[in-house]
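Please read all numbers here as calculations on a predicted model, not as lab measurements.
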Amino acid sequence: MYSEKVMDHFQNPRNVGEIENASGVGTVGNAKCGDIMRIYLDIDETGVIRDVKFKTFGCGAAVATSSMATELVKGKTVQEAMEVTNKAVMEALDGLPPVKVHCSLLAEEAIHAALWDYAQKNGIQIEGLSKPKSDIHEGEEDEEEEY
Ligand code: FES
């Protein structure tokens, strides 16, 4: 039921870990399944994602999609990273069973939440980016909420 790529990224996830003093950190959760994903981005002064790490407390598909999502955004500009949608992640994994589509959505939202955090910290706007609804913002740093 899972593609070889999904199994590979589940068994050997890429970019697991944390980045200290990350440029942006995003944590999202799915209320229904209770799975949580956190993405750390290290972004250089030209807006290129130099490094990315993730931690996922969730199902196998959540691990595989976060792993693939980190691979897809690495080396991209923040604007290009916006094109890494859940569809792009699923295609790169050769598909997911329909009941697991929401897991890939969580990966997209985790990237968006981390980009949102980066944009907030730097007072910039990223075209097409809004605060993800599932952003659970655990706030390791004391960031102020805007509203
Ligand atoms: Fe919820 Fe996979 S079952 S993220």
Side-chain angles (χ1 to χ4, degrees), residues 1-44 47-122 124 126-143 145:
M1 116 166 178
Y2 288 114
S3 73
E4 264 171 47
K5 280 194 190 158
V6 173
M7 289 312 290
D8 177 32
H9 276 264
F10 168 57
Q11 277 160 344
N12 311 292
R14 328 296 198 260
N15 309 308
V16 175
E18 303 180 16
I19 297 176
E20 251 181 73
N21 302 318
S23 319
V25 182
T27 308
V28 293
N30 181 299
K32 277 202 188 132
C33 63
D35 293 348
I36 293 174
M37 223 179 254
R38 180 175 296 157
I39 298 248
Y40 300 81
L41 296 173
D42 176 23
I43 299 171
D44 72 12
V48 171
I49 299 170
R50 171 144 82 207
D51 199 10
V52 47
K53 297 266 187 243
F54 83 90
K55 276 189 166 173
T56 289
F57 309 92
C59 73
V63 172
T65 51
S66 14
S67 169
M68 182 54 92
T70 57
E71 287 284 274
L72 292 176
V73 299
K74 204 186 239 179
K76 299 228 161 94
T77 65
V78 293
Q79 203 59 60
E80 286 163 350
M82 288 297 296
E83 284 156 35
V84 178
T85 58
N86 80 305
K87 259 185 95 191
V89 172
M90 282 200 295
E91 271 163 29
L93 285 170
D94 294 336
L96 278 176
V99 290
K100 289 289 169 182
V101 171
H102 79 271
C103 317
S104 65
L105 212 51
L106 206 55
E108 175 188 310
E109 292 188 328
I111 300 272
H112 285 182
L115 287 171
W116 178 261
D117 183 40
Y118 163 75
Q120 294 285 96
K121 282 181 177 147
N122 291 279
I124 57 166
I126 299 173
E127 216 186 302
L129 179 67
S130 52
K131 185 177 162 80
K133 282 196 282 303
S134 53
D135 191 334
I136 51 178
H137 217 82
E138 288 182 327
E140 305 172 332
E141 297 122 56
D142 35 292
E143 298 153 288
E145 285 291 353

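Considering only heavy atoms from C-beta on, Val52 comes within 4.5 Å of Ile39 through its side chain. You'll find the side chain of Val101 reaches within 4.5 Å of the side chain of Met90, heavy atoms only.
Residue pairs satisfying the salt bridge (charged side-chain N to carboxylate O under 4.0 Å, His left out) criterion with at least one member in residues 55-70, sequence neighbours excluded, are listed as follows: Glu18-Lys55.
Among Asn30, Val28, Ile36, Leu105, the single residue meeting the side chain to side chain contact (heavy atoms under 4.5 Å, CB included) criterion with Ser134 is Val28. Each of Val6, Leu106, Leu96 was evaluated against Thr65; a single residue qualifies, Leu96, per the side chain to side chain contact (heavy atoms under 4.5 Å, CB included) test.
Scanning both residues, Ala62 and Cys103, for their nearest heavy atoms gives N-CB, 3.9 Å. The minimum heavy-atom distance linking His9 with Ser67 is given by the pair ND1-OG, 2.6 Å. Across all non-hydrogen atoms, the minimal contact from Lys5 to Leu93 is CB-O, 3.8 Å. The two residues Ala69 and Ala107 come nearest to each other via the heavy atoms CB-CB, 4.2 Å. Looking at every heavy atom in both residues, Lys53 comes nearest to Gly17 through CB-O, 3.4 Å.
Of the possible donor and acceptor atoms, one in the side chain of Asn122 sits under 3.5 Å from a partner among the backbone N and O of Tyr118. In terms of modelled atom types and a separation under 3.5 Å, the side chain of Glu127 and the main chain of Gln79 share no donor-acceptor contact. In this structure a side-chain-to-backbone donor-acceptor pair under 3.5 Å is missing from Asp51 to Asp42.
Note: Ile136 CD1 to Thr27 OG1 = 6.0 Å, rounded to the nearest 0.5 Å. Once rounded to the nearest 0.5 Å, the distance linking CG of Asp35 with NE2 of His102 reads 6.0 Å. Atom CZ of Arg38 and atom OG of Ser66 lie 12.5 Å apart (nearest 0.5 Å). To the nearest 0.5 Å, the span separating CG on Leu72 from CD1 on Ile49 amounts to 11.0 Å. Here NZ of Lys133 is found 7.0 Å from CD of Glu109. Values are rounded to the nearest 0.5 Å. Expressed to the nearest 0.5 Å, how far NZ of Lys131 lies from CH2 of Trp116 amounts to 7.0 Å.
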Derivation and outcome, side-chain contact (heavy atoms from CB on, under 4.5 Å), residues Asp8 and Arg14: CA-CA 10 Å; Asp8 177 32; Arg14 328 296 198 260; 2.8 Å; yes
Phe54 vs Val16, side-chain contact (heavy atoms from CB on, under 4.5 Å): CA-CA, chis, key distance, verdict: CA-CA 5 Å; Phe54 83 90; Val16 175; 3.8 Å; yes
Pair His112-Met82, side-chain contact (heavy atoms from CB on, under 4.5 Å): steps then yes or no: CA-CA 7 Å; His112 285 182; Met82 288 297 296; 3.9 Å; yes
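Under the 3.5 Å distance criterion, with hydrogens and angles disregarded, a donor-acceptor pair is assigned to the side chains of Thr70 and Asn15.
Residues satisfying the salt bridge (charged side-chain N to carboxylate O under 4.0 Å, His left out) criterion with Asp44, sequence neighbours excluded, are absent altogether.
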